[in-house]
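Everything numeric in this text was worked out from a predicted model, so none of it was measured.
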Amino acid sequence: MAGTRVKARGESAFAERFAVFAECLLTGVWIAVASLGVVTYPAAFAAGARHLRRRTAHEGGGRREFVADFRAALRGGWLAGVAGWAAVAAVWVDVRAARAGIPGGSLVGAVGVVALTGLVVAGLRAAAVWEPGARWRTLLARAGRRTVLDPAGSFLIAGGLAVVAVSAWFSAPLALPVLGAVAAAAVAVEERYRHR
């Protein structure tokens, strides 16, 4: 594990912040590549968030550490990925029912979309605090509570997801690096919640 502190390079505040932004974009590409396994996205976000936490703490870390974290997070994270896709499928059925004109379908569809958004936010919050050896079930349960108890932070993460969606609509390749910004937003929201 790379727990060694890296000496600050005497950069200006602007240069350091730009470096963090660039690291977020690179991490987004790593997350996108690691998510190609379809059910690997929770582990990919967990590894990306841990990488960004190391970067902002001026600790060593890079692609090797990301890959090691990804492998460790994948041990239980793939089950969270399967559960996430099951939730997406359930909401898709709800939305299809709403479009078919079933009585009460529009309400069920809207509730399903809101619930799915809450689940995605909770998943990102869980990934933002993941550490090797942590159990995903515990992380997700605690993140679900934080999602409800910290609506402002949850709204910020949901806004980040909206930026990814708009980026993908505007230019699909642009959405890939923006995933790192969403991971950084989740890390920042969790750090903010921890210091409340």
Side-chain angles (χ1 to χ4, degrees), residues 1-85 120-140 142-143 157 160-161 163-164 167-168 171-195:
M1 256 197 266
T4 58
R5 304 265 307 164
V6 175
K7 183 181 174 203
R9 294 177 283 203
E11 300 173 331
S12 70
F14 175 77
E16 184 174 340
R17 288 182 184 125
F18 188 77
V20 170
F21 175 68
E23 198 71 32
C24 287
L25 298 180
L26 174 63
T27 302
V29 173
W30 290 351
I31 289 169
V33 170
S35 295
L36 289 176
V38 181
V39 296
T40 59
Y41 63 91
F45 270 98
R50 189 150 191 258
H51 171 74
L52 291 172
R53 287 195 318 262
R54 277 195 299 264
R55 172 63 176 95
T56 56
H58 299 287
E59 295 177 357
R63 186 177 40 123
R64 285 186 184 140
E65 288 80 4
F66 175 88
V67 170
D69 286 339
F70 174 69
R71 287 182 179 153
L74 195 55
R75 288 189 190 104
W78 71 272
L79 284 172
V82 169
W85 283 115
V120 171
V121 168
L124 286 170
R125 291 185 85 138
V129 298
W130 175 86
E131 292 287 339
R135 294 187 49 183
W136 278 96
R137 179 177 287 195
T138 304
L139 288 172
L140 289 166
R142 291 178 180 163
I157 295 172
L161 292 170
V163 169
V164 170
S167 298
S171 173
L174 186 60
L176 301 181
V178 175
L179 291 173
V182 173
V187 168
V189 164
E190 286 300 312
E191 191 66 22
R192 174 187 151 273
Y193 184 80
R194 195 169 63 87
H195 290 294

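The minimum heavy-atom distance between Ala49 and Ala128, with the atom names listed, is CB-CA, 3.7 Å. Closest approach of Pro132 and Asp69 over heavy atoms only: CG-OD1, 4.3 Å.
Glu131 is linked by a salt bridge (Lys or Arg N to Asp or Glu O under 4.0 Å) to Arg50, Arg53, counting only residues two or more places apart in sequence or in another chain. Contacts of Ala32 classified as side-chain contact (heavy atoms from CB on, under 4.5 Å), with partners at least two apart in sequence or in another chain: Leu176, Leu179. Evaluation of the salt bridge (Lys or Arg N to Asp or Glu O under 4.0 Å) rule for Arg64 yields no partner, not counting sequence neighbours. By the side chain to side chain donor-acceptor pair (under 3.5 Å) test, Arg63 pairs with no residue at all, sequence neighbours left out. Ala127 pairs by the side-chain contact (heavy atoms from CB on, under 4.5 Å) definition with Phe45, Ala46, Trp136, not counting sequence neighbours. The side-chain contact (heavy atoms from CB on, under 4.5 Å) search around Val189 returns Arg125, Asp150, Leu156, Ile157, not counting sequence neighbours. For Thr138, the side-chain contact (heavy atoms from CB on, under 4.5 Å) test picks out Arg135, Arg142, with sequence neighbours left out.
Rounding to the nearest 0.5 angstrom, the gap separating the CG atom in Leu36 from the CD1 atom in Ile31 is 12.5 Å.
The side chain to side chain donor-acceptor pair (under 3.5 Å) pairs that include a residue from residues 30-40 number zero, where partners must be two or more places apart or lie in different chains. Residue pairs satisfying the salt bridge (Lys or Arg N to Asp or Glu O under 4.0 Å) criterion with at least one member in residues 26-36, sequence neighbours excluded, are absent.
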If you look only at distance, which donor and acceptor atoms sit under 3.5 Å apart when one is on a side chain in residues 21-28 and the other is two or more places apart or in another chain?
unit_1 : atom_1 : unit_2 : atom_2 : d
Glu23  : OE2    : His51  : NE2    : 2.6
Thr27  : OG1    : Glu23  : O      : 2.7

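Looking at Glu190, its side chain never comes within 3.5 Å of a backbone N or O of Val187 through a donor-acceptor pair.
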